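Here is the structure we will look at, set down as structure tokens.
Here the structure is a predicted model, which is why all the values come from computation and not from measurement. Protein chains get the first letters and strands the later ones, always in sequence-line order, with residue 1 at the start of each. Heavy-atom basis, side chains included; hydrogens, waters and symmetry copies ignored.
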Amino acid sequence: MPNAELPKAYDPTEAEARWYPTWMSRGYFRAEAISEKPPYCIVLPPPNVTGSLHLGHAVPATLQDILIRWKRMSGFNCLWVPGIDHAGIATQMMVERELKKTENKTRQDLGRAEFLRRVWQWKERYGARIAEQHRFLGASLDWSRERFTMDEASSAAVREAFVRLYEEGLIYRSKRLINWCPACHTALSDLEVEHEEREGSLWEIRYPIKGSDRFLVVATTRPETMLGDTAVAVHPDDPRYRDLIGKTVVLPLLGREIPIIADAELVNPEFGTGVVKVTPAHDFNDYQTGLRHRLPMISIFDESARTTREAGPYAGLDRFEARKRVLADLQAQGLLERETKHKLSVGLCQRSGTVVEPRLSLQWFVKIESLARPAIEAVEQGKTRIVPETWVATYFQWMRNIHDWCISRQLWWGHQIPAYYCKSCSARPQRRGRAEDPTHPMFPEEGDRAAPIVSRERPAKCPRCRGTEFEQDPDVLDTWFSSGLWPFSTLGWPKDTPELKTFYPNSVMETGHDILFFWVARMMMLGIHFMHDVPFPVVYLHAMVRDEKGEKMSKTKGNVIDPLHVILGAKPEELSPSQRNKFPQGMPAYGADALRFTLAALMQQGRDIKLSLDRVDGYKAFANKLWNASRFALMNLKGLEPLAELARDADFALADRWVLSRLNRTTRSTVEALSRFEFAEAASTIYQFVWHEFCDWYVELSKGPLYGDDAQARKRTQSVLVYSLDQILRLLHPFMPFVTEEVWQKLPLVRSVNSIMIAPYPVADPRFDDSEAEAAMAPVIEAIEGIRNIRGESNVSPSMKVPAVIQSADPAVRQGLERWRHYLMPLAGVSSLEISAPGAKPQQAAAFVGVKTGMEIFVPLAGLIDLTEERARLAKEIQRVDADLESVRRKFDNPNFAAKAPREVVEKERARADELSLRRAKLQENLNRII
RNA sequence: GGGCGGAUAGCUCAGCGGUAGAGCGUCGCCCUUACAAGGCGAAUGUCACAGGUUCGAGCCCUGUUCCGCCCACCA
């Protein structure tokens with residue numbers, strides 16, 4: 001029989017390499033555009049093409065594959081869309097960095113077209129790598145529908161969305177103060193700015209009042225921006241300064257005369273000196289103040305945050321150098337009153353870490369309010385449910401305070417904005433490298449003088465002057481603009497495709513909570529706007545993977561783990577230094593199944609999970625356990641015909657009924673947990689059953705009939721074994737696709753399909769629920785455990801059989817034990833078993849008293865047991881029972897307990913008190929016997 | 001400044017009103033013919049602190065202390 005040749009240990013690497021290509025070539029991953037089956041669709045959050053995947057990416061791949069495989073086996077027409085995100089700014093930076101390193105060139109050296117060619121090369125390289133990593137994870141993605149955010153179809157969707165929003169007045173161009181990264185030379189959205197608390201200073205500076213020898217003392221954390229001050233503000237009700245409102249101060253260093261204004265919004269009279277310098281072009285508060293008071297706006301920094309000629313004698317300096325010079329000169333002129341330590345929060349560019357500089361510039365925006373409102377309502381009305389619910393408040397808080405979205409980026413890699421400037425009649429788009437004309441500040445309400453033509457295609461003729469030469473807006477769109485269309489752009493939108501009809505809305509959005517705003521919120525807004533329906537009824541937000549110390553995985557920290565290293569193993573030289581420390585011999589191949597099961601098992605609904613490779617090792621052992629249980633079965637199936645179905649009316653033995661009942665309950669709990677996205681619950685339910693019920697008990701109990709003479713009992717046991725394994729494998733398949741397929745193929749089953757991945761998912765069948773069998777097994781298990789306890793405590797070798805005496809006052813317990821004594825004896829290692837009503841107790845025997853049934857178990861071990869130890873053991877047991885008794889008594893000592901607590905509870909406690917008293921009495925009796 | 005998590009066994013975490021649990025690790029006995037990646041047994045907790053509600057509180061409420069995260073234009 002080939003089965004006997006099964007190796008003792010499961011080799012994941014070998015099996016995993018075989019199955020993925022098989023499944024793929026048979027087309028199991030492909031969805032039908034039109035089908036009788038109910039649709040189920042998930043779009044994979046497209047990973048950034050900045051590099052290869054790290055272990056964090058294995059989470060969405062695993063969880064979504066679990067859902068997809070479960071639903072596919074449950075009869076759904078499943079579509080799981082693979083894709084990759086061009087990740088504009090991030091990828092451009094990676095390629096620029098590589099270019100600098102390998103060729104010592106900048107993107108400007110190459111020019112836009114050549115640089116883009118290089119980025120596309122990068123995309124091909126890492127895109128392929130990412131797809132490969134997903135395949136090794138076992139992700140059953142429909143590769144025939146793989147997409148990229150910058151492929152032609154996605155680009156068409158982006159242009160369509162942009163033009164429609166523009167025509168609806170929801171996209172506009174405006175000169176505003178935006179977040180600018182002086183290193184990346186681009187605008188950023190609010191979300192792309194990360195805040196960090198830093199130690200800084202608060203400087204107090206004297207501004208001389210014109211025509212007086214008095215000063216106004218302003219407080220600032222950024223003294224260099226005074227070069228761009230166009231006013232000084234005080235609170236209108238501040239008695240200290242009321243008389244100065246409307247007067248003029250002379251800006252130190254530059255000598256510019258600026259007004260003293262009153263502004264209740266900007267100024268908090270309690271803070272600092274109660275006087276605020278106003279720099280509208282370099283601070284968001286000051287900008288608003290500037291708009292309110294129509295102040296001039298002077299840009300003193302260029303795109304690299306170096307001072308412009310507006311800074312007069314300070315022109316041409318880096319902003320931090322400018323600060324030093326300004327402070328030194330103020331000091332020299334005696335205008336610096338004092339410096340105090342001050343904590344402040346600085347904005348940093350998410351990608352480069354550079355301190356962001358607010359900057360006045362012409363950008364494209366999405367008018368957000370009318371898009372946000374329906375997205376808020378959808379969650380309020382439960383059209384989209386957020387799981388875990390704790391994120392709902394966060395979603396609302398952000399959505400209700402949302403600002404217009406700056407979507408233009410001064411980058412090369414991305415979707416170029418479909419706006420065209422006629423070369424002959426309209427003003428050219430402004431060059432952003434130049435400082436804006438300070439004497440003619442452009443206010444948003446003044447509109448856009450250089451109105452472009454916004455169009456899906458490059459226009460043929462200018463409608464104003466008939467010109468035919470156009471220049472396309474050089475800017476590209478924020479990466480998240482195209483991602484926001486993903487749930488429908490991947491299905492063919494704006495074309496009216498069958499896929500769109502079948503799979504929109506998607507079934508669930510499964511992603512990390514870190515991109516709730518970046519991505520989920522935008523999909524909600526754009527999905528509802530363009531498709532008139534929410535993009536998905538459920539958002540499941542998973543926790544973030546951290547390393548075992550709880551730190552974020554990042555390349556710079558060197559704690560990123562390549563999922564392929566975990567799956568396939570890695571040589572020492574392939575590992576990062578910190579990993580090599582832990583794995584000096586290299587990383588072992590844990591296999592995709594073990595990795596996936598670990599991620600599922602750790603996926604509690606917290607904020608983050610700490611991944612330890614020791615856990616992966618534990619679940620690798622689980623795969624091996626399953627393998628060996630199957631191997632045991634296969635070695636003992638001689639004579640069994642391939643199993644079609646388990647006869648429900650067979651004359652099952654207690655163990656059969658018990659395991660079928662437990663299996664059935666496991667099936668029910670697993671499906672319920674999956675329905676609630678409780679991956680950890682589902683995984684541990686199966687784990688617990690497979691290892692600690694099926695393997696520990698049923699497999700052991702099956703040895704009797706399998707090795708015995710009763711042919712009918714053998715056949716029945718074989719059938720239950722095969723049936724149970726079949727169910728277990730199918731239950732487990734979404735979590736551990738490879739080992740389950742590998743084993744399932746070897747089982748003698750009558751199959752209607754030739755892969756487990758398209759076999760039906762188990763359904764709980766109430767007819768298998770058998771509380772009676774479970775109750776009947778309880779005393780058997782208790783007796784076995786009691787005897788094992790005695791043996792273990794006395795260090796009796798497993799090979800040594802011992803006699804046992806069990807006494808119970810309950811005739812039903814006695815009967816059960818008598819009937820199933822052939823279960824008890826081999827599992828407890830008992831040579832002779834005597835079952836009786838309580839009576840004379842054997843001499844020289846160790847004793848154990850059952851917790852629930854109160855049965856007394858005696859193992860006469862004359863000469864083997866150490867009486868001192870036995871005494872200590874019983875005494876300790878009594879102590880423990882006393883503690884429990886004490887806590888129960890305390891309840892009854894309180895008269896309110898019996899009066900107010902529910903009757904069931906009181907009864908339960910009373911029964912428990914009786915049980916405990918009985919147990920205590922017997923333990924004491926046995927203790928006395930020894931003494 | 002606002003908001004949200006977390007604090008339970010050595011470690012990682014379940015439990016969220018009625019007998020404190022799991023996995024890993026630790027300790028003992030075992031190569032018992034599926035599995036030593038294994039079997040059997042054992043030990044281990046002022047459930048962060050202080051109040052309150054309740055017959056009864058890791059669990060609910062209030063406050064405190066730490067740790068972490070998110071949002072926010074107070075110089």
Show me the pairs that pass salt bridge (Lys or Arg N to Asp or Glu O under 4.0 Å) and involve residues 269-290 of chain A, at least two apart or across chains. A:D229-A:K277
5' priority, RNA chain B, between A:D283 and A:P12 [closest heavy atom]: A:P12
A:R880 or A:S630: which one's nearest nucleotide on RNA chain B is closer to the 5' end? A:S630
Just how far, in rounded Å, is [atom2] of [N] from [atom1] of [X]?
X	N	atom1	atom2	result
A:L706	B:rU32	CG	C1'	17 Å
A:M399	B:rC4	CE	P	19 Å
A:L725	B:rC35	CG	C1'	14 Å

Please evaluate the base of B:rA75 for a donor-acceptor partner in the side chain of A:E270 within a cut-off of under 3.5 Å? no
With the side chain counted from C-beta on, respond yes when A:V278 and A:D263 share a heavy-atom pair under 4.5 Å apart, and no when they do not. no
Do A:T289 and A:I261 come within less than 4.5 Å of each other through their side chains, counting heavy atoms only? yes
Sort by first number and list every stem of RNA chain B: at least 3 consecutive Watson-Crick or G-U wobble pairs, both distances under 3.5 Å. B:1-7 with B:65-71, B:10-13 with B:21-24, B:26-30 with B:38-42, B:48-52 with B:60-64
Distance, C1' atom - from B:rC59 to B:rC24, rounded to whole angstrom: 26 Å
Using atom P of each nucleotide, how far apart are B:rA57 and B:rA50 to the nearest Å? 15 Å
Within less than 4.0 Å of OP1 or OP2 of [N], is there a side-chain N or O belonging to [X]?
X	N	answer
A:W691	B:rG39	yes
A:N789	B:rA42	yes
A:Y287	B:rC74	no
A:K8	B:rA36	yes

Hey, is B:rG38 sitting syn or anti, using the within-90° cutoff around 0? anti
For a quick check under 3.5 Å, do A:T394 and A:Q397 share a side-chain donor-acceptor pair by atom type? no
Look at atom NZ of A:K703 and say whether more than 12 heavy atoms of other residues, nucleotides or ligands are closer to it than 6.0 Å. yes
A:Q585 CD: over 12 foreign heavy atoms closer than 6.0 Å: no
List the residues meeting side-chain hydrogen bond (donor to acceptor under 3.5 Å, both in side chains) with A:R338, not counting sequence neighbours, and say none if there are none. A:E204
Hey, does A:V699 reach any base, or is it just sugar-phosphate, or nothing, if we go heavy atoms under 4.0 Å? base
